[in-house]
Amino acid sequence: MEFDIPSIIQGYAQGYFLMANVGDESVGWYSSRKRALIPLDDRFRYPSSLNRALNQERFTVAIDRDFKAVVEGCSDRQTTWISPELKEIYWELYSQGWAHSFETWQGDTLAGGILGIAIGGAFIGESMFYRIPEGSKVAMVKLVERLRDRQFILFDAQMSNPHLDRFGAYTISDREYQALLQKALQRSCSLV
C-alpha cells in the first residue's frame with residue numbers, strides 16, 4: 001500500500017495526529033482543544049522510586065534497534081487504536097526517517113519503549129509500552145534527556161493520563177500548542 005508521507009508529515013506539522021477507529025479500524029486525523037506536553041525544562045520530574053532502576057543501570061537504551069517490536073508492543077493491548085494500516089504507516093514513516101522507537105533493553109530482551117515522530121524540534125509521542133516493570137518509565141527519563149541534549153523544544157504527549165502526570169505532564173490550549181509547534185518546526189534537530 002502506498003502512503004503519501006509528505007502529506008502525513010504536513011498533517012502532524014499542522015497539529016493533527018493519526019488514530020484508527022477502534023470499531024472499524026479506519027485511520028483518520030484527529031486534533032484536540034487541549035494538548036498534553038512532557039516538559040523538557042525543570043518541570044520534568046519522575047517518581048523517586050525510579051531512582052534505583054536508573055542508578056543500577058539495569059536497562060540499556062537504544063534508538064530504532066527494533067522499531068517493529070516497539071510498534072507491536074504499543075498495539076498489544078485489549079483495545080488499541082494502532083490498526084494494521086497504521087502500523088504500515090508508521091513503518092513507512094520510519095523507513096523515511098520520521099518515526100522512531102526509543103527503547104530500553106535488559107540484555108537481549110526489549111523491556112519497553114516509546115513510539116514517536118520527530119519533525120524539526122518537535123517529538124510527537126504516539127504511544128509507549130513496557131514488558132519489564134520500569135521499562136517504559138526509564139525510557140521516558142532517558143528520552144527527555146536525549147531531547148534536551150539535541151535541543152528539541154517540544155515533547156507532545158497528545159493526551160494526558162495519570163501515568164504521564166507523574167512526569168510533570170501539563171496541558172495547554174490548541175492556540176498555545178500551535179504557536180509552540182511552529183516555533184519547534186523552525187529547528188533542525190535529530191534524535192539519532
Side-chain angles (χ1 to χ4, degrees), residues 3 5 8-20 27 29-32 35-40 44 46 59 61-77 80-83 86-105 110-131 135-161 163-164 166-172 177 180-181 183-185 187-192:
F3 299 106
I5 297 303
I8 291 172
I9 294 303
Q10 187 61 36
Y12 277 100
Q14 292 172 353
Y16 296 98
F17 52 91
L18 288 171
M19 285 177 65
V27 175
W29 286 106
Y30 294 85
S31 67
S32 178
R35 208 56 171 254
L37 303 181
I38 303 295
L40 296 176
F44 179 74
Y46 53 86
F59 301 104
V61 173
I63 300 171
D64 299 336
R65 179 171 159 190
D66 196 342
F67 182 83
K68 280 189 173 176
V70 170
V71 174
E72 287 302 322
C74 289
S75 68
D76 184 19
R77 44 191 81 171
T80 183
W81 52 267
I82 301 178
S83 66
L86 196 47
K87 288 177 187 178
E88 289 181 41
I89 291 171
Y90 286 143
W91 178 252
E92 198 58 42
L93 287 166
Y94 164 75
S95 299
Q96 294 190 28
W98 297 104
H100 298 282
S101 57
F102 196 87
E103 309 153 3
T104 49
W105 291 80
L110 180 61
I114 300 171
L115 168 65
I117 296 165
I119 308 172
F123 183 84
I124 301 155
E126 294 284 280
S127 188
M128 63 193 300
F129 83 103
Y130 72 91
R131 289 193 183 129
S136 64
K137 293 177 190 163
V138 170
M140 175 71 81
V141 172
K142 295 298 185 180
L143 175 55
V144 166
E145 289 174 3
R146 181 77 173 196
L147 295 174
R148 286 173 173 167
D149 240 22
R150 296 301 181 101
Q151 308 294 304
F152 279 77
I153 58 175
L154 173 65
F155 184 170
D156 178 4
Q158 297 175 355
M159 291 177 255
S160 192
N161 61 46
H163 175 68
L164 295 178
R166 297 175 72 193
F167 292 93
Y170 63 100
T171 55
I172 59 174
Y177 174 77
L180 192 56
L181 177 61
K183 185 177 168 191
L185 294 174
R187 288 254 169 112
S188 179
C189 301
S190 172
L191 191 66
V192 292

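Worth knowing before you read on, the calculation uses all heavy atoms, side chains too, and leaves out hydrogens, waters and symmetry mates. Owing to the predicted nature of the structure, the values given are computational and were not obtained by experimental measurement.
Ring centers of Tyr12 and Trp29: under 6.0 Å apart, within the cut-off.
Arg146 has its side chain within reach of Ile63: a pair of non-hydrogen atoms, C-beta onward, lies under 4.5 Å apart. Within the 4.5 Å cutoff, no side-chain heavy atoms of Tyr94 are placed close to those of Ser101. Inter-residue side-chain proximity for Leu115 and Val71 is flagged as met; some heavy-atom pair is nearer than 4.5 Å. Annotation: side chain of Phe123 is in contact with side chain of Leu143 (closest heavy-atom distance under 4.5 Å).
In this structure, the separation between CE on Met19 and OG on Ser83 is 10.5 Å, given to the nearest 0.5 Å. From Trp98, atom CH2 reaches atom CD of Gln96 across 9.0 Å, with rounding to the nearest 0.5 Å. Atom CG of Leu181 and atom CG of Leu37 lie 10.0 Å apart (nearest 0.5 Å). One finds the SG atom of Cys189 at 9.0 Å from the CG atom of Leu147 (value rounded to the nearest 0.5 Å). The OH atom of Tyr177 sits 7.5 Å away from the CD atom of Gln158 when rounded to the nearest 0.5 Å. How far CD1 of Ile82 is from CG of Leu18: 11.0 Å, rounded to the nearest 0.5 Å.
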Criterion side chain to side chain contact (heavy atoms under 4.5 Å, CB included) on Lys137 and Tyr130, from CA distance to verdict: CA-CA 8 Å; Lys137 293 177 190 163; Tyr130 72 91; over 6 Å; no

From CA spacing to verdict: side chain to side chain contact (heavy atoms under 4.5 Å, CB included), Leu93, Phe3: CA-CA 9 Å; Leu93 287 166; Phe3 299 106; over 6 Å; no

Step-by-step side chain to side chain contact (heavy atoms under 4.5 Å, CB included) determination, Leu164 to Met140: CA-CA 9 Å; Leu164 295 178; Met140 175 71 81; 3.5 Å; yes

Candidate pair Arg150 and Leu191, rule side chain to side chain contact (heavy atoms under 4.5 Å, CB included), full reasoning: CA-CA 7 Å; Arg150 296 301 181 101; Leu191 191 66; 5.7 Å; no

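More than 12 heavy atoms of other shown residues, nucleotides or ligands fall within 6.0 angstrom of atom CZ in Phe44. Within a 6.0 Å radius of CZ in Phe17, other residues, nucleotides and ligands contribute more than 12 heavy atoms.
Aromatic ring orientation, Phe67 versus Trp91: tilted (interplanar angle from 30° to 60°). Aromatic ring pairs are classed by plane angle as parallel below 30°, tilted from 30° to 60° and perpendicular above 60°; the pair His163 and Phe167 is perpendicular.
In plain terms, the two heavy atoms of Arg77 and Cys74 that are nearest each other are NE-O, 3.0 Å. For Ser75 against Lys87, the heavy-atom pair with the smallest separation is OG-CE, 3.3 Å.
The backbone N or O of Ala139 lies less than 3.5 Å from no partner atom in the side chain of Thr104, so there is not a single donor-acceptor pair. Side chain of Glu103 to main chain of Leu110: no donor-acceptor pair is present (N/O by atom type, distance under 3.5 Å, no hydrogens or angles).
Remark: the Glu126 side chain and the Tyr90 side chain contain an N/O donor-acceptor pair separated by less than 3.5 Å.
Between His100 and the choices Val192, Val70, Ile117, the side-chain contact (heavy atoms from CB on, under 4.5 Å) rule is met once, by Val192.
Using a cut-off of 4.0 Å between Lys/Arg side-chain N and Asp/Glu carboxylate O, Glu145 and Lys142 are scored as salt-bridged.
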